[in-house]
Amino acid sequence: MESRGGRFIWFRPSPVAVTLLVVGAVFAVLTPAFLTLNNLLNVCTSASVVAIVGLGMTLAIASGNFDLSVGSTAAFAGCIAMSVVPQIGVLPAIALGIATGALVGWVNGLIVTELRVPAFIATLGMLTIVRGAALIYTRGRDIYLFGKTDYKILSSGVTPALLALAIALFFGFLLKHTRFGRHILATGSNLASARRVGVRTTYVLWSVFAIVGATAALSGLILSAQVLTGNGRLATGLELSAIAVVVLGGTPLTGGQASIPGTLFGSLLVAVINNGLNLLNVSIFYQNVTLGLLLLGALSLTSGWTSKFGRIASKGSVADVAKGGDGAKSA
Amino acid sequence: MKQPPKLLTALLLICALQPALSGHAAPAKKKIGFSVYDMQYGFFQDMEKGTKEASEDAGYDYVLVDQKSSESTMVSATQDLIDQGINALIISPFKPDALGPIVDAAKAKKIPVVVDDIGGGGTDYDVIVISDNDKGGVIAADQIAAVLKERPSAAKKVASISCEPSAVYAARRNAGFEKRIKELGYTVVASLSANSKQEEGYKVAKDILSAHPDVAAIFCGNDPMAVGAAQAVADSGKNGVKDVYVVGFNGDEIALQAIKAGQMGATIQQVPEEMGKMTVQLATKLMNSEKLQYNNAEKREIYVPVKLITAADLGASSK
Amino acid sequence: MSDRPQILSMSSSQHEKDRRRAAIDWDLLWEKFGIATVLILVWIVAALGTPRFANLDNLSSVLRQSAFVGISAIGMTVAIIAGTFDLSVGSAQALSAWIAVLVAAHYGVVPAFIAAVLVGGIVGLLNGSLVVLLRIPAFIATLGTMFLISGLTFIFTNGQTARFNGKDFVWWGNGQLGGIPVPFLIFLLCALVGVVILHRTPFGRYVFAVGSNIRAAHVAGVPIGRTVLCVFLTVGLFTGLGAALLGSRLYSAGPGLEPGFELNVIATVVLGGTRLAGGRGSMLGTIAAAILFATLANILNLNHVDAFVQRVAVGLVLLLALSVEGIRQRLFERWNRRKPPTN
């Protein structure tokens, strides 16, 4: 089962896909509004926003890291892009926003590799720094572009969904068929071993973090395009949603594996639940409870699954303890 | 040799954070401390502007702390204010229920407490300047009813989007709205929270429109959510004035722009800058031990009326 | 040595290499005393530079404020040493604090504290069971319970905050004994308990064992499942206690109390020198880090630093403090011109 670096899970019978179908069916029965074309499109759009940053997060987690700063990066990129649209036009503004996100991501990577700060803390620190930067940049005010409807190309119709799919396909291809992708998985699987066989882990990590930042920026741009506003408060909490959908999708937190379709299904699942409960006019309190139960339920299923199919050697004690302390039984 | 760089780093950092402060003792100049809910919101930025300008005009020293939407920070940051030797405290509390320790601490130092909006938490403040949130919701309901009356083909369905669940005082806006609109014969088909966030207002509104395509109006507990909802209406191919009448609350710049642009129907305007000025005047009176005139003497409340703002009002006035 | 499974953190193996070559183990020193040293320096500089910092009211306020994150951080230190962590402490705190206020209003102070600690413990046991029995990774398990408990708290409370200002109750969060704030005294007591647990009990030894090399621990007969369960229970108990104090301090508590609390607690523990990889840690560091964060917030306020800039400053301090070890290592390497470590 153990391959030379890591494993790309193309498709495994995943609990999340099954859950998605079941939940979707339940909502379809409970309310006729669910299965309308318009509504399904909405669901896809809101799923795409989380999916895009979730896909970036998948790469980060596969490489053995986290990025808790994606929400702040999304806001910062959104603010930068919105503020220059009048001057340089929509497409260049979008490019600038994404570049900003990549830059922030690269800084995260630097802190992790050069200053040797664990990714959890590094990105936690950047979370507040970048959020503060966004607020300072906008002076706390909103940047609005009413009437600039051409900026909306990012968020209208099927664009977000197409973007998410394109990124998913690209990342899938990257992970499965390119050396860079294999290097990512190897780095996440066992950093020391990867270095020993010649993987330039530093550059790999820089690239991964830059990619995460870029996807976060894209999600932020889509969000700000939806409301045609940029401000420093955008996307608070996006990081937890992103991590949740990656985890729901079956990508293990220990690194070395990635499930791209899983992340997509995870995003859809969360979006469907949100949407369904809104359609049914259910209080937001229950949405949190449902999400919590889902995470726990899906993961207890997945853990059972994993022990059936065997485990990849895990990276460190956290993973072992996290998996229930059966260090001796793993691999 | 190896004086560990860690000490140097720490020192440098602290020095970088410290502006050169001389330890001068300011003579009799009075000091006003303002503790604000969260400077991330335009509403509070306006309030702070009014408070600061009035303080400086009156010749006071002015100190600001930001509660950053956290009750724990509210208490600790305001405590920092109180410890700085202020002569009067103005506070716009994130969690009025947690005002207890602050008011007690201020009273112990004989510092008068002026509460600016949100709520008083049942504590012993000296005076509270408050917008009538409930009344605001009622005004919104009346406006929506008036507009929809002109549209006989419109369904008698409305939706209500509220702020984050822990903002219980803002919740009065939606409560007042829902009660009144039901009295006027409409059905509230959806009552959901969008966590005070603009992008969630967008998402929730989209879902509402999916579930109830014939909803005729949406009332939102604050302007960011309303602007988000208006965008959702626009993205559904409808108009936020003519098809689905969207009403917000606050009077933020962004909403006024949206109303002027014909994207949103109306907002309930509070006057945070005015309120800020008012609180400084009240603080002055309290520092001079003058008696205050209340609207509600028992609760020591002074009301600030909220105003309905529609496109007509904006066409006439300049903002 | 190089073929040993990559269980230990990079800094641990680096630490061993250093140990063999350097006379003074800077890493160990920094880990144990670094933050405490920084704290003392910061206090000195602040006292000299900020006129109102050194007055007793202010210092008392800083110490008081440090206790609320600090008490929970004590439990979290144990968890992180054991190689795991708990993301649900924020929502557990909200629930426990609310219960504390409610019980205090109807039944008195002692029942309130007991109730809060119990609630915290139950949440801890829930987390522990999920991790040990259902084999859910700690990150997910505690993330899931975070959402779950947060939602449940909103449902139980219907979104309303509970309030109570009985003098006996609020004294605990607001009063002082001999000039020292009561919550801080309790914090110190908890830290003492924490140290005793870690260094004087079998459980403590198991915690270190599980955190540093879980396979070896298993082979050596350490009851892993029970240990991990108790670790989460510990986190929950301390969080419950801190929550009761917070409710007392605020005269109130309700759902949505302090979002982001869990990240603050984890940051405090890590800032204090306990590494996320597990196996080693410093309770003294946790105390110092908690006080340092409170001091930082206080200094920023006293110097009238703009709120947006404050966010940047706090993040920078966290990053700087944590990169010290990395910077020192790199300087050391360059100095000795040896191969970069297998990181």
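Chain A is the first sequence line, chain B the second, and so forth, proteins listed ahead of strands; every chain is numbered from 1.
- The contact between A:Ile284 and chain B is made entirely by side chain atoms (from C-beta outward), counting heavy-atom distances below 4.5 Å.
- A distance of 9.0 Å separates CG in A:Asn231 from OH in B:Tyr41, rounded to the nearest 0.5 Å.
- Heavy-atom pairs under 4.5 Å with chain A peak, among B:Ala261, B:Gly42, B:Ala159, B:Ser191, at B:Ser191.
- Most heavy-atom pairs under 4.5 Å with chain B, from the set A:Leu280, A:Asn39, A:Thr138, A:Thr45: that is A:Asn39.
- Taking both residues in full, the closest heavy atoms of A:Arg233 and B:Pro224 are given as NH2-CG, 3.9 Å, listed atom of the first, atom of the second, then distance.
- At a 4.5 Å heavy-atom cutoff, the contact between B:Ala258 and chain A is made by backbone and side-chain atoms alike.
- Contacts between B:Lys206 and chain A at a heavy-atom distance below 4.5 Å involve backbone atoms as well as side-chain atoms.
- Residue A:Phe34: no heavy atom, backbone or side chain, is found under 4.5 Å from chain B.
- The environment of A:Tyr286 atom OH is sparse: at most 12 non-hydrogen atoms of other residues, nucleotides or ligands sit within 6.0 angstrom.
- Within a 6.0 Å sphere centred on NZ of B:Lys52, heavy atoms belonging to other residues, nucleotides or ligands number 12 at most.
- For the residue pair B:Gln231 / A:Lys152, a side-chain donor-acceptor distance below 3.5 Å is found, with atom types taken as modelled.
- The greatest number of non-hydrogen atom pairs below 4.5 Å with chain B, out of A:Asn275, A:Asn274, A:Leu223, A:Leu234, is found for A:Asn275.
- Between A:Val227 and B:Gly228, the shortest heavy-atom distance links the atoms CG1-CA, 3.8 Å.
- Looking at B:Pro213, neither its backbone nor its side chain comes within 4.5 Å of chain A, counting heavy atoms on both sides.
- In this structure, the separation between CD on B:Glu199 and CD on A:Gln226 is 8.5 Å, given to the nearest 0.5 Å.
- Expressed to the nearest 0.5 Å, how far CG of B:Leu192 lies from CD of A:Gln287 amounts to 7.5 Å.
- For chain B, no part of A:Val43 is nearby; none of its heavy atoms comes within less than 4.5 Å.
- For A:Ser46, the part lying under 4.5 angstrom from a heavy atom of chain B is the side chain only.
- With a threshold of 4.5 angstrom between heavy atoms, B:Val227 approaches chain A through side-chain atoms but not through N, CA, C or O.
- Separation of atoms CG (A:Leu37) and OG (B:Ser210) is listed at 10.0 Å; rounding is to 0.5 Å.
- For the atom pair CD (B:Gln257) and OG1 (A:Thr229), the distance works out to 10.5 Å, reported to the nearest 0.5 Å.
- Using a 4.5 Å cut-off between heavy atoms, B:Ile208 makes no contact with chain A at all.
- Considering all non-hydrogen atoms of both residues, A:Asp142 and B:Ile254 come closest at OD2-CD1, 3.8 Å.
- Here the closest heavy-atom approach between residue A:Ala33 and residue B:Ala211 is recorded as CB-CA, 3.6 Å.
- A:Asn278 touches chain B through backbone and side chain together, each having a heavy atom under 4.5 Å away.
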